[in-house]
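Structure first, then comments.
Order of appearance sets the numbers: ligands from 1, and atoms from 1 within every ligand. What you are looking at is a predicted structure, and each value in this text was computed from that prediction instead of being measured.
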Amino acid sequence: MIYLSMKKTLKKLPESIKLVLFDLDDTLYDEADFVKSGLGAVAEYLAVSHGLDQSAAYKAMIKHFKKQGRGKIFNQTLSEFKINPTAVLIKKLVSLYRRHRPEIKVYQGVRPLLERLKSSGLKLALVTDTNWRVQARKLNALGIAKYFDRIIFTDKLNLKKPDLKIYRQIFKKFMVRPLEVLCVGDDPTCDFIGARTAGCQTIRIRQGRLMDLRLGPAREADYAVKSIKELSDFLRREKILCE
Ligand SMILES: [Mg+2]
């Protein structure tokens with residue numbers, strides 16, 4: 001457990017937490033698995049449509065992903081295999097990537113944690129940004145939608161974290177005060193600054209691709225843990241989870 005050095009904001013979690021608000025990507029499952037599974041679907045397509053060696057195409061895409069993230073993977077891979085990266089082909093590959101049936105699993109301990117939170121009488125919500133259809137497919141594949149009282153696809157609302165409107169809508173919907181809401185996420189660019197400004201409690205799980213990202217106190221969470229297990233231990237210690 002790491003208590004961040006933010007003495008002014010460091011406070012004991014109130015036992016009156018009523019709602020836990022989860023982020024999805026890299027908080028409840030490893031987003032890199034989604035990327036790998038999507039690139040696998042694209043490699044399979046390129047093998048059939050352009051006669052590429054499927055495994056070589058996949059390895060090339062993974063290499064470009066590791067080097068510089070998702071931005072130009074398809075352009076670079078096609079160029080590497082001497083295929084003209086036309087706008088039409090890129091669009092097709094992006095669509096395949098987004099629409100594929102993802103092979104992803106929740107992090108170890110997620111299901112028991114969500115079950116324990118529910119049986120402890122807490123309400124659960126999930127807030128996720130970006131293309132809502134893609135996010136819905138991920139949730140389907142993970143099989144965890146049933147645990148949440150509400151799933152908020154910010155994309156459908158033309159919003160994205162850290163917009164305060166998201167949190168205000170949640171307070172209203174669940175009839176809770178900001179301090180009764182605990183937000184759990186992994187991304188210091190957007191998961192905590194809005195939630196904290198809105199008055200919620202925040203916990204960062206340092207896992208996934210942003211685990212080492214440090215953006216300074218203003219964007220950090222009130223608390224940080226390294227895994228779902230540490231999160232569960234923390235919530236038990238703070239008496240948010242019943243024994
Ligand atoms: Mg995330």
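Here 3 is the count of protein N, O or S atoms positioned under 2.8 Å from the Mg ion (ligand 1), waters not counted.
Gln135 and Asp129 form no side-chain donor-acceptor contact under 3.5 Å, judged by distance and modelled atom types alone.
We find that Lys161 and Asp23 are joined by a salt bridge, their nearest charged nitrogen and carboxylate oxygen being less than 4.0 Å apart.
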Side-chain donor-acceptor pairs under 3.5 Å in residues 38-57, sequence neighbours left out?
from: Ser49; atom 1: OG; to: Tyr45; atom 2: O; distance (Å): 3.0
from: Asp53; atom 1: OD1; to: Ser55; atom 2: N; distance (Å): 3.0
from: Asp53; atom 1: OD1; to: Ala56; atom 2: N; distance (Å): 3.0

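Listed by first then second residue, pairs satisfying ring pair (Phe, Tyr, Trp, His ring centres under 6.0 Å) with a partner in residues 68-126 read Phe34-Tyr97, Phe34-His100, not counting sequence neighbours.
Among residues two or more places apart in sequence or in another chain, the ring pair (Phe, Tyr, Trp, His ring centres under 6.0 Å) test is passed with His64 by none.
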Practice problem: Starting from the C-alpha separation in whole Å, work towards a yes-or-no answer on salt bridge (charged side-chain N to carboxylate O under 4.0 Å, His left out) for Arg196 and Asp222. | Solution: CA-CA 8 Å; Arg196 285 180 61 214; Asp222 299 302; 3.4 Å; yes

